[in-house]
Amino acid sequence: MKIPNIKVALENESGYLTGLHLTQDELIKIQSLITSSWLLNIGNNTTPQIAEEFKSAGINRYHELAHLLDHGSMWPKVSRILNPDAVAEIRNMSLIRRLEDQFGYFEISDEDNVGHEEMYWRLVRPNSPTDVGPIHADAWFWGLGHGVTPPGCKRVKVWIAIYCTPGKDGFKFVPGSHKHEWPYHGELKDVIIKPKIDISEEELDVVIFNSQPGEAI
């Protein structure tokens, strides 16, 4: 299937593009890479017995055992960043190649200064709204001093569904929001200053990316 011009799609009124996806084999591989990262962090911060319980249950049943951990302190972003070998494997997958077909070779930014290109995963429990931050623009993080865009560069964010229930969970966004300046302020949360929009979510036209596992926006 021919993918539309991504650069044009990102600059138009909606500001986003769907239609990119992993192959089934690639999805399974990424699920395995994330599971390895997940189990490593659990093993480093719990007892072998508890770690074995999580391994037996699997990451897609994490919420059934999450009460055994301090979820909030267990999963800061730095603990969810994939290692360089995993990033290298993903860089060779078809979705990245399709992006390179249009953008040419691109750099994946190291937002947290971990010393390599940064890909990270997010762990969200059912009915746990605090597992996800409020609606925001990533540029607000940079405005608050968390990272910088090099001169002459533009950033493109790619989000991929790994485990999801279509229509019930997934990436939330506001189409066309890139065409507006939104008021926000910084609040201390999880030991850093994070942005919070000064408009209630009910005032925004928020939609959910109705994705199958492996689909990207």
Side-chain angles (χ1 to χ4, degrees), residues 1-23 26-27 30 77 80 90 93-104 106-109 111 118-144 146-150 152-187 189 193-217:
M1 180 181 71
K2 182 177 175 59
I3 297 297
N5 188 302
I6 298 174
K7 295 179 183 178
V8 171
L10 297 183
E11 294 294 338
N12 70 17
E13 288 303 312
S14 64
Y16 69 94
L17 179 75
T18 59
L20 293 166
H21 58 85
L22 301 165
T23 68
E26 290 169 343
L27 173 62
I30 289 181
K77 182 182 176 185
R80 296 178 279 108
I90 296 170
M93 292 185 178
S94 61
L95 191 154
I96 301 294
R97 291 199 301 270
R98 299 186 88 168
L99 293 174
E100 289 181 335
D101 286 344
Q102 296 201 25
F103 288 104
F106 54 83
E107 178 184 350
I108 300 173
S109 59
E111 302 285 347
E118 183 179 308
M119 295 182 181
Y120 65 95
W121 46 275
R122 180 178 288 279
L123 189 62
V124 179
R125 298 166 293 177
N127 303 312
S128 299
T130 58
D131 287 357
V132 182
I135 289 285
H136 64 274
D138 279 2
W140 298 349
F141 279 92
W142 313 322
L144 292 170
H146 308 302
V148 61
T149 302
C153 294
K154 284 191 173 183
R155 293 178 184 262
V156 175
K157 186 71 170 273
V158 181
W159 183 93
I160 306 171
I162 303 300
Y163 294 97
C164 65
T165 303
K168 292 188 176 181
D169 54 21
F171 183 77
K172 295 199 301 185
F173 65 104
V174 179
S177 59
H178 63 305
K179 297 290 187 180
H180 300 272
E181 293 291 334
W182 303 96
Y184 73 96
H185 65 279
E187 286 189 357
K189 183 180 180 184
I193 300 296
K194 294 186 177 182
K196 184 173 182 180
I197 193 168
D198 293 329
I199 299 173
S200 70
E201 200 167 301
E202 289 71 26
E203 298 177 64
L204 302 169
D205 294 324
V206 179
V207 298
I208 294 179
F209 173 37
N210 189 18
S211 53
Q212 297 286 340
E215 292 184 336
I217 183 169

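Counting heavy-atom neighbours within 6.0 Å of Lys77 NZ, excluding the residue itself, gives a total above 12. More than 12 heavy atoms of other residues, nucleotides or ligands lie within 6.0 Å of CG in Asp101, so this atom counts as buried by the packing criterion.
Proximity of Leu20 to Leu99: side-chain heavy atoms (C-beta onward) are separated by under 4.5 Å at one or more points. Contact of the Lys7 side chain with the Phe103 side chain is registered, since non-hydrogen atoms from C-beta on lie closer than 4.5 Å. For the pair Gln212/His21, no side-chain contact is recorded, criterion being any heavy-atom separation below 4.5 Å from C-beta on. Residues Phe141 and Pro195 have side chains in contact (heavy-atom distance under 4.5 Å, counting atoms from C-beta outward). Under the 4.5 Å side-chain criterion, counting only non-hydrogen atoms from C-beta, Ile197 is in contact with Trp140. A heavy-atom distance below 4.5 Å is found between the side chains of Leu22 and Met93. Put simply, the side chain of Tyr16 does not reach to within 4.5 Å of the side chain of His178, judged on heavy atoms. Two residues are said to be in side-chain contact when any heavy atoms from C-beta on lie closer than 4.5 Å; Val156 and Phe106 fail this criterion.
Panel note: side chain Ser177, backbone Pro175; no donor-acceptor pair is recorded below 3.5 Å. For Lys196 (side chain) and Ile135 (main-chain N/O), no donor-acceptor pair under 3.5 Å exists by modelled atom type. With His146 contributing its side chain and Ile193 its backbone, the two residues share a donor-acceptor pair below 3.5 Å. A donor-acceptor pair under 3.5 Å is formed between the side chain of Glu26 and the backbone N or O of Ser94.
A salt bridge links Asp138 with Lys157: the distance from a Lys NZ or Arg NE/NH1/NH2 to an Asp or Glu carboxylate oxygen falls below 4.0 Å.
To the nearest 0.5 Å, the span separating CD on Glu187 from CG on Leu144 amounts to 11.0 Å.
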| task | Go through the steps for Trp142 and Arg155 under the test side chain to side chain contact (heavy atoms under 4.5 Å, CB included), then give the verdict. | result | CA-CA 11 Å; Trp142 313 322; Arg155 293 178 184 262; 2.6 Å; yes
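For the pair Glu118 and Ile108, the tightest heavy-atom approach, listed with the atom from each and the gap, is O-CG2, 3.3 Å.
Relative orientation of the Trp159 and Phe171 rings is tilted, given thresholds of 30° and 60° on the angle between their planes.
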